[in-house]
There are 2 protein chains.
Amino acid sequence: MLRNLGLRVTVPRLKALEYVQTHPHADADAIYTSLALSLHGVTRQTVHGIVNDLTRVGVLRRVSLPESASAHYETRIGDNHHHIQCVSCGRIEDVDCVVGEAPCLTPEDTHGMRLVEASVTFRGVCAECEMRNMAHEALQPSIPLTQSHSHARTSPAPTSSTIQAKR
Amino acid sequence: MLRNLGLRVTVPRLKALEYVQTHPHADADAIYTSLALSLHGVTRQTVHGIVNDLTRVGVLRRVSLPESASAHYETRIGDNHHHIQCVSCGRIEDVDCVVGEAPCLTPEDTHGMRLVEASVTFRGVCAECEMRNMAHEALQPSIPLTQSHSHARTSPAPTSSTIQAKR
DNA sequence: GCCTTATTTTGAATTAGTCAAAATAAGGGA
DNA sequence: TCCCTTATTTTGACTAATTCAAAATAAGGC
Ligand SMILES: [Mn+2]
Ligand SMILES: [Mn+2]
Ligand SMILES: [Zn+2]
Ligand SMILES: [Zn+2]
């Protein structure tokens, strides 16, 4: 499978590929952690090399989301799909193209740019996090919204380049 | 303006704000470079503190794009707009909401998540880069697509979690 | 003008990832 | 099956963006 793409078949590559197949949207670190279990001396660099190679030849797709520090990888390629991510726990799920066909959105004004692609990411709160957050609210009576944020810069708030979605 | 938001009015804050107003989508480093010109001892930490504070109180909006390492900031807030970014030089322009109103997209299946927002980023190649690339192509005859990527991991290719856009 | 406390400065740490040279192993040909 | 070339992995160092924490400074209410 890798052979005819000009890549040598190695244990790290096979294990990494298998992991991503069973764990869609895994990031380099998750893959590394998994490989480290079975192989003794794998390093993060190895994993980065692997995902770069596999992405280049088209076996993997690199999924880079806004607000998300690390890149994620998946084997579901070829079909154009979007993603929805929980703003609380970071969990990612696939979302089929909203409009349908692959070319799905076009802006009014491209500012003279040749449009290459449109990236759509939905953000939300998953059921588990919703539940957990409710529990927390019960404990923390009412959040002091206009808190005069003392010394500590408390805001880990995920503000983003996003638009309100219809519900 | 900052005062009644509970923030003290300081020189770094005013300068940073002014810079972002005149340079939409500036990142922390650009702001820092600008401030460093007039103020002598400003540090990057100061800038990060400022953009965090201003983002928290809603004076700035943090724009985080896929494939983009650093966050960008703008004063155009409240209206829901998207962005188009040149994949070659990173230049960012505003794009009005494609669908119109603020709630603009909804996925078929939210996988049980409460939808919070939808982030849409267009990617393209700006006129200048298009021109520059053409010049390069003239020099580099035809790109050997199936290059047996020797030792060097050559791919700085910006693969992304995106969908092909209609042209 | 003083004092409290928010803000900035100083200094260090973290995370995701890249770069390059040396060691190792894949797999095509003998 | 063994060998050799060269791709891949390992080792080790480094960058960029950002955060954390303690000490120094300055805003602005009194
Ligand atoms: Mn996916
Ligand atoms: Mn904008
Ligand atoms: Zn969640
Ligand atoms: Zn450009």
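All values below come from the heavy atoms of this structure, side chains included, with hydrogens, waters and symmetry mates left out. Below, chains carry the letters A, B, ... as their sequence lines are ordered, and counting in each starts from 1.
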Participant: Using whole Å, what does the distance between atom C1' of nucleotide C:dT9 and atom NE2 of B:His48 come to?
Facilitator: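 Atom-to-atom, B:His48 to C:dT9, this comes out as 15 Å.
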Participant: Rounded to whole angstroms, how far apart are CG on B:Asn4 and C1' on D:dA27?
Facilitator: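 Rounded to the whole Å, the gap is 16 Å.
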Participant: Closest approach of B:Met113 and A:Cys126, non-hydrogen atoms and distance?
Facilitator: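 Closest approach of B:Met113 to A:Cys126, heavy atoms only: CG-CA, 3.7 Å.
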Participant: Can you name the side-chain hydrogen bond (donor to acceptor under 3.5 Å, both in side chains) partners of A:His25, sequence neighbours left out?
Facilitator: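 In terms of side-chain hydrogen bond (donor to acceptor under 3.5 Å, both in side chains), with neighbours along the sequence ignored, A:His25 is linked to A:Glu74, A:His83, A:Asp94.
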Participant: Do B:Arg62 and B:Tyr73 have side-chain atoms, one donor and one acceptor, less than 3.5 Å apart?
Facilitator: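 A pair is found: one side chain offers a donor N or O, the other an acceptor, under 3.5 Å apart.
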Participant: Between the protein and nucleotides 24-26 of chain C, which nitrogen or oxygen pairs come in under 3.5 angstrom?
Facilitator:
unit_1: C:dA26; atom_1: N3; unit_2: A:Arg8; atom_2: NH1; d: 3.0

Participant: Could you check how far CG of B:Leu35 sits from C1' of C:dT8, rounded to whole Å?
Facilitator: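 Nearest whole value for this atom pair: 12 Å.
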Participant: Between C1' on D:dT9 and CG on A:Leu39, what's the gap in Å once rounded to a whole number?
Facilitator: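 Roughly 11 Å, once rounded to whole Å.
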Participant: For A:Asp29, is there any backbone N or O sitting under 3.5 Å from a side-chain donor or acceptor partner on A:Thr33?
Facilitator: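 Yes, A:Thr33 side chain to A:Asp29 backbone: donor-acceptor pair under 3.5 Å.
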Participant: Can any side-chain N or O of A:Ser64 pair as donor or acceptor with the backbone N or O of B:Glu67 at less than 3.5 Å?
Facilitator: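 At least one qualifying donor-acceptor pair exists.
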Participant: Given C:dT7, D:dA17, D:dT9, which nucleotide is nearest the side-chain atoms of B:Arg13?
Facilitator: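 Among C:dT7, D:dA17, D:dT9, the one nearest the side chain of B:Arg13 is C:dT7.
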Participant: For B:Asp27, check salt bridge (Lys or Arg N to Asp or Glu O under 4.0 Å) against everything at least two apart and list the hits.
Facilitator: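 Not a single residue meets the salt bridge (Lys or Arg N to Asp or Glu O under 4.0 Å) criterion with B:Asp27.
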Participant: Calculate the interatomic distance between B:Arg44 atom CZ and C:dT7 atom P; express it in whole Å.
Facilitator: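 Nearest whole value for this atom pair: 22 Å.
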Participant: Rounded off to whole Å, could you give me the CG-to-C1' distance for the B:Asp53 and C:dT5 pair?
Facilitator: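 So the CG-C1' distance, B:Asp53 to C:dT5, works out to 14 Å.
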Participant: Take atom CG of B:Asn52 and atom P of D:dC20, then tell me their distance rounded to the nearest Å.
Facilitator: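 About 9 Å, once rounded to whole Å.
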Participant: Just how far, in rounded Å, is C1' of C:dT9 from OH of B:Tyr32?
Facilitator: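 Taking atom C1' of C:dT9 as the reference, OH of B:Tyr32 is at 12 Å.
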Participant: Is there a side-chain contact between A:Gln85 and A:Ser68 (heavy atoms, below 4.5 Å)?
Facilitator: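 A:Gln85 vs A:Ser68: side chains touch.
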Participant: With the criterion being N/O to N/O and under 3.5 Å, what pairs connect the protein with nucleotides 10-12 of chain C, and how long is each?
Facilitator:
unit_1: C:dG11; atom_1: N7; unit_2: B:Gln45; atom_2: NE2; d: 3.4
unit_1: C:dG11; atom_1: O6; unit_2: B:Gln45; atom_2: NE2; d: 2.9

Participant: Determine all donor-acceptor pairs shorter than 3.5 Å in which one atom belongs to a side chain in residues 15-22 of chain A; sequence neighbours excluded.
Facilitator:
unit_1: A:Lys15; atom_1: NZ; unit_2: A:Ser38; atom_2: OG; d: 3.2
unit_1: A:Thr22; atom_1: OG1; unit_2: A:Glu18; atom_2: O; d: 3.0
unit_1: A:Thr22; atom_1: OG1; unit_2: A:Tyr19; atom_2: O; d: 3.1

Participant: Could you list the residues that satisfy ring-ring contact (aromatic ring centres under 6.0 Å, His included) with B:Tyr32, not counting sequence neighbours?
Facilitator: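 B:Tyr32: no ring-ring contact (aromatic ring centres under 6.0 Å, His included) contacts found.
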